[in-house]
There are 2 protein chains.
Amino acid sequence: NIHGIRGVVADTRVVKISVIGVPDRPGVAAALFVPLGQARIKTDMIVQNISHEGLSDISFVVAQDEAQEALAIIQEKARSLGAVEVQFDPEIARISIVGGGIASHPEIAGEMFAALASVGINLEMISTSEIKISCIVRQEHAQKALQILHDRFELGKGDAIEN
Amino acid sequence: NIHGIRGVVADTRVVKISVIGVPDRPGVAAALFVPLGQARIKTDMIVQNISHEGLSDISFVVAQDEAQEALAIIQEKARSLGAVEVQFDPEIARISIVGGGIASHPEIAGEMFAALASVGINLEMISTSEIKISCIVRQEHAQKALQILHDRFELGKGDAIEN
Ligand SMILES: C[C@@H](O)[C@H](N)C(=O)O
Ligand SMILES: C[C@@H](O)[C@H](N)C(=O)O
């Protein structure tokens, strides 16, 4: 396979929760995630970009079977923080490329984004590290996303997994 | 140490580039990151949250010595995409907790955020995976951040590193 990528994974049994317009000041992220941790809820792909006019959005992904509990906790905390709103989106898929090659192959991110764009898939959230590139897309695109990435990165049969 | 965390790292020789208000449609992320990959520029911590009114922000971190070249590429691409603006921020530190324990210890994220908040550090960007939790903070807080996380997670001397 190309670039030493170990595989591509599509997770469809996850949901996205976004807290919109929270104050960008110390303690806000803690206020949201300490209670989730205390409830033993596993959060993944926590994403927060830079703020605008003192307000930030914080999103994260949770497993479907923890979603209701996570949402209840978040809605209460968001209210006390004065958040603009909480969005709950179950119709997502998380598409991830994993592999040690990412750090040493700076072209992988762009190639993954271009591959998904080539079949018309919009990237709704992005989060990357040296060993993993993850994108949130509409759940209906999961199969198509796996296929194009499998083809583009010349992966073997066992390397493109849908969960 | 607590939770099987392997260490905490502060990277201060990095800069943040943010492309503000790009269209949230297929191909935009590719337009920005394919040229960076072709220039062999290593991007880390690409972060994109959900869009508002059809527009998104995309941020990423690059090493100081690749920053000028990355910025030049991004500014040209951002212009052709009709981005609202490009922000360049060199006064940052990336604070990361690394360890296999993160996936199985859902309390780590909240505890990290709370520890940093307890010493007044604002979290400007957040990006997480099962093996790494990264926050962008003001560069001036790097030492303080390392110290509080080292103390809170009871890490040994060699486990809190400033780069
Ligand atoms: C928005 C949120 O991350 C806030 N900046 C905090 O530090 O908690
Ligand atoms: C904003 C950008 O990520 C866009 N949604 C794309 O798919 O390229």
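Treat the numbers as computed from the prediction; the structure is a model and nothing was measured. Letters go in sequence order (proteins before strands), and every chain restarts at 1.
Under the 4.5 Å side-chain contact rule for hydrophobic residues, Val22(A) and Ile17(A) share a cluster. Cluster membership check: Val62(B) does not share its hydrophobic cluster with Val9(B), using side-chain heavy-atom separations under 4.5 Å among Ile, Leu, Val, Met, Phe, Trp and Tyr. Follow the hydrophobic side-chain contacts under 4.5 Å out from Ile95(A) and you never reach Met125(A); the two are in separate clusters. No path of Ile, Leu, Val, Met, Phe, Trp and Tyr side chains, each step under 4.5 Å between heavy atoms, connects Ile92(A) with Leu116(A), placing them in separate hydrophobic clusters. Under the 4.5 Å side-chain heavy-atom criterion for grouping Ile, Leu, Val, Met, Phe, Trp and Tyr, Val19(A) is connected to Phe88(A) within one hydrophobic cluster.
If you take CG on Asp57(A) and CG on Asp57(B), they are separated by 9.0 Å, rounding to the nearest 0.5 Å.
Contacts between residues 25-35 of chain A and chain B, defined by a heavy-atom separation under 4.5 Å, are made by Arg25(A), Pro26(A), Gly27(A), Ala29(A), Ala30(A), Phe33(A), Val34(A).
Interface remark: of the candidates Glu107(B), Gln48(B), Lys16(B), Gln48(B) forms the most heavy-atom pairs closer than 4.5 Å to chain A. Ranked by non-hydrogen atom pairs under 4.5 Å with chain B, the options Ala109(A), Ser51(A), Ser129(A), Gly120(A) are led by Gly120(A). Counting heavy-atom pairs closer than 4.5 Å to chain A, the top residue among Ser59(B), Ala117(B), Ser56(B) is Ser59(B). Most heavy-atom pairs under 4.5 Å with chain A, from the set His52(B), Gln38(B), His105(B), Met112(B): that is His52(B). Note on Lys42(A), Met45(A), Arg40(A): by heavy-atom pairs under 4.5 Å with chain B, the leading option is Arg40(A). Note on Ile41(B), Ile131(B), Asp89(B): by heavy-atom pairs under 4.5 Å with chain A, the leading option is Ile41(B). The choice from Leu123(A), Ile46(A), Ile102(A), Ile121(A) that makes the most heavy-atom pairs within less than 4.5 Å of chain B is Ile46(A).
Residue contact with chain B, scored on non-hydrogen atoms closer than 4.5 Å, involves the side chain of Ser18(A) exclusively. Contact of Ser104(A) with chain B is made through the backbone alone, with heavy-atom distances under 4.5 Å. For chain B, the nearby part of Ala103(A) is the backbone; its heavy atoms alone come within less than 4.5 Å. Proximity to chain A is limited to the side chain of Ile20(B), based on heavy atoms less than 4.5 angstrom apart.
Side chain of Gln87(B) to backbone of Ile50(A): no donor-acceptor contact under 3.5 angstrom is found.
Salt-bridge check for Lys132(A) with Glu130(B): passed, with a basic side-chain N closer than 4.0 Å to an acidic carboxylate O.
Nearest approach of Asp24(A) to Asn122(B), heavy atoms of both residues: OD1-ND2, 3.1 Å.
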